[in-house]
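Here is the structure we will look at.
Basis for what follows: all heavy atoms, side chains included, without hydrogens, waters or symmetry-related copies. In this chain, numbering begins with 1 at the start of the sequence shown.
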Amino acid sequence: MKRNFILFGAIGVLSALIGIYVANGRSNPATASSQAVTALYQQSLPDAKGTVQALATLKGQPVLLNFWAPWCAPCVE
């Protein structure tokens, strides 16, 4: 009885440590390299009205980029 209690306790502690490790890995995503960020902000894309906007002017603001394929009928619709 005591042996089973210790075994299940050890399994519980091990499971909790694994869960903490996995959760910590997911909450600290990798940061983009400075070259990638610089390249992104050098791009210009059309807005909803068709006016070309430089992404550098939107730096620090939330931006929604909607990418879709022209051959995808539901996307075009």
Donor-acceptor pairs under 3.5 angstrom involving side-chain atoms of residues 37-44: please list them, not counting sequence neighbours.
{"unit_1": "Thr38", "atom_1": "OG1", "unit_2": "Ser34", "atom_2": "O", "d": "2.8"}
{"unit_1": "Gln43", "atom_1": "NE2", "unit_2": "Ala39", "atom_2": "O", "d": "3.4"}

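Through side-chain heavy atoms spaced under 4.5 Å, either directly or across other Ile, Leu, Val, Met, Phe, Trp or Tyr residues, Val13 is tied to Leu17.
Partners of Gln53 by side-chain hydrogen bond (donor to acceptor under 3.5 Å, both in side chains), not counting sequence neighbours, listed by chain and number: Asp47.
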